[in-house]
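The structure displayed is predicted, hence computed values, not measured ones. Note that the numbering runs from 1 along the sequence shown for the chain. Counting starts at 1 for both ligands and their atoms, following the listed order.
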Amino acid sequence: LNNYLMKKTVLITGAAGFLGSHLCDYFLSKNYKVLGIDNFITGSPKNLSHLTANSDFEFREVDITHDLKIHDSIDYILHFASPASPIDYLQIPLETLRVGSLGTENILKIALRNKARILIASTSEVYGDPLEHPQKEEYCGNVDPVGPRGVYDEAKRFQEALTTAYHTYHGLDIRIARIFNTYGSRMRVNDGRAIPAFMGQVLRNESLTVFGDGSQTRSFCYIDDMIVGIYKLLNSNYTKPMNLGNPDEISLIDFANEIVALAGNNNKIIYKPLPINDPVKRKPDITKAMNILNWKPIVSRKKGLKKTFNYFRSLSLEELKKKEHKFA
Ligand code: NAD
């Protein structure tokens with residue numbers, strides 16, 4: 001009983017999403033009590049269904065942009081609520097701006113009231129289409145505020161500014177994770193990102209769609225590595241933004257070929273025009289994370305892709321065929 005009473009409580013926003021649900025699992029495995037909140041706008045109850053019998057886990061359906069009534073005592077907050085893939089935030093631009101601004105301030109107020117340490121999920125998108133390569137935390141980015149991705153990029157930049165102001169003005173204990181592309185189980189097959197898109201196409205026996213000539217690069221981090229990085233950042237005392245990601249860079253065309261090989265099919269690759277503002281290059285400089293957190297990704301792309309492929313393969317054909325996410 002004593003042990004139970006001493007457990008720390010972590011509030012996770014965006015708990016029903018890809019990263020959020022993995023964070024719930026990880027913090028429960030580390031003996032925390034987890035209070036997950038989400039409004040399911042891009043997440044799914046299915047991602048948390050395995051936790052219903054866990055007495056250390058509680059879930060509440062809440063939209064964090066509305067007035068939040070969280071009266072529980074909270075020790076830590078992981079703020080991950082936000083649409084995260086272009087296919088989502090282009091369809092729900094206002095919700096995206098609001099969750100990064102109003103929603104973030106609501107959560108910061110809860111942190112302040114509880115004197116809780118808060119880690120916010122920022123993104124490599126704050127660098128926009130970067131003119132420096134790889135991207136260090138000091139690089140201020142190349143973002144078009146009124147471009148199609150502006151709604152997400154600027155919401156996240158504002159979120160960093162607001163969180164930092166709560167730190168400097170109110171003394172709030174903050175952590176800022178600049179997360180680069182992450183992949184793994186529970187991504188939506190239809191979320192428009194390269195890995196679920198390629199895997200869905202392979203499993204439906206369709207051609208793979210590559211945008212542009214496929215020479216644009218990405219650096220993909222496996223979910224288990226990312227979760228450990230987030231945990232270590234939370235437990236550090238570093239309050240400035242920190243890059244978390246895998247610097248192992250690959251062109252999209254090579255990547256598509258790797259997934260075709262993994263599936264053992266002979267799918268064709270077709271090319272479509274590159275969307276506006278699609279970044280040409282992305283690669284984190286993770287020197288800070290390596291030095292300060294003693295962290296770096298350890299799961300090879302081969303291993304991570306195989307595990308992720310097994311997840312997508314376990315989905316029903318009906319799920320694999322869902323091409324559009326319908327917003328309420
Ligand atoms: P996701 O869409 O799977 O998860 C986001 C969750 O937030 C969803 O469950 C959604 O329903 C919830 N949400 C959105 N608005 C909300 C609101 N107003 N109230 C309550 N819940 C709300 O996306 P993800 O990939 O898991 O991303 C999670 C976080 O990590 C986001 O903040 C994203 O910006 C950040 N991030 C992710 C990546 C990545 O590669 N996946 C990269 C950089 C940053």
Next item on the list: Would you mind listing which atoms of ligand 1 come within a distance below 4.0 Å of any non-hydrogen atom of Asp63?
Entry: 17 (C), 18 (N), 19 (N)
Next item on the list: Within a distance under 4.0 Å of any heavy atom of Gly43, pick out the atoms of ligand 1 and give their elements.
Entry: 8 (C), 9 (O), 10 (C), 11 (O)
Answer with yes or no whether [X] contacts ligand 1, where contact means a heavy atom under 4.0 Å from a ligand atom.
X: Gly103; value: no
X: Met226; value: no
X: Val62; value: yes
X: Lys156; value: yes
X: Ser122; value: yes

N or O contact, [X] vs ligand 1, cut-off under 3.5 Å:
X: Ala84; result: no
X: Gly17; result: yes
X: Asp88; result: no
X: Arg188; result: no
X: Phe18; result: yes
X: Gly20; result: no
X: Ser124; result: no
X: Asn181; result: no
X: Tyr152; result: yes
X: Ile179; result: no

Name the closest protein heavy atom to [atom], giving the residue it belongs to and the distance to 0.1 Å.
atom: atom 31 (C) of ligand 1; answer: Phe80 O, 3.3 Å
atom: atom 13 (N) of ligand 1; answer: Asn39 OD1, 3.5 Å
atom: atom 9 (O) of ligand 1; answer: Asp38 OD2, 2.6 Å
atom: atom 26 (O) of ligand 1; answer: Leu19 N, 2.8 Å
atom: atom 5 (C) of ligand 1; answer: Ser82 O, 3.3 Å
atom: atom 8 (C) of ligand 1; answer: Thr42 OG1, 3.2 Å
atom: atom 15 (N) of ligand 1; answer: Ile41 CG2, 3.6 Å
atom: atom 19 (N) of ligand 1; answer: Ile64 N, 3.0 Å

Check: Side chains of Met290 and Lys288: closer than 4.5 Å at any heavy-atom pair?
Finding: no
Margin query: Counting only heavy atoms closer than 4.0 Å, does ligand 1 sit against the backbone of Arg193, its side chain, both, or neither?
Written below: side chain
Margin query: Can you see whether Ser185 engages His22 through a side-chain donor-acceptor pair at a distance of less than 3.5 angstrom?
Written below: yes
Check: Quick one: do the Gln159 and Ser101 side chains pair a donor with an acceptor below 3.5 Å?
Finding: no
Heavy atoms from other residues, nucleotides or ligands near [atom1] of [X] exceed 12 (cutoff 6.0 Å):
X: Ile298; atom1: CD1; answer: no
X: Asn266; atom1: CG; answer: no
X: Asn294; atom1: CG; answer: no
X: Glu138; atom1: CD; answer: yes
X: Lys232; atom1: NZ; answer: yes
X: Asn291; atom1: CG; answer: yes

Check: About how many Å separate CD1 of Ile37 and CG of Asp63, when rounded to the nearest 0.5 Å?
Finding: 9.5 Å
Check: Would Phe59 and Phe40 satisfy ring-ring contact (aromatic ring centres under 6.0 Å, His included), going step by step from the backbone distance to the final call?
Finding: CA-CA 12 Å; Phe59 178 79; Phe40 299 127; 5.3 Å; yes
Margin query: Check for me whether Lys30 meets the cation-pi criterion with Tyr231, that is, NZ or CZ under 6.0 Å from the six-membered ring centre and within 45 degrees of the ring axis.
Written below: yes
Next item on the list: Report the member of Ser85, Gly14, Pro83, Ala121 with the shortest heavy-atom distance to atom 35 (C) of ligand 1.
Entry: Ala121
Checklist line | Derivation and outcome, side-chain hydrogen bond (donor to acceptor under 3.5 Å, both in side chains), residues Ser251 and Gln216 | finding: CA-CA 5 Å; Ser251 71; Gln216 68 274 37; over 6 Å; no
Item checked: Ring centre gap for Phe220 and Phe255 strictly below 6.0 Å -> yes
Next item on the list: Treat each ILVMFWY residue as a node, draw an edge where side-chain heavy atoms are under 4.5 Å apart, and state whether Leu23 and Leu119 are in one component.
Entry: yes
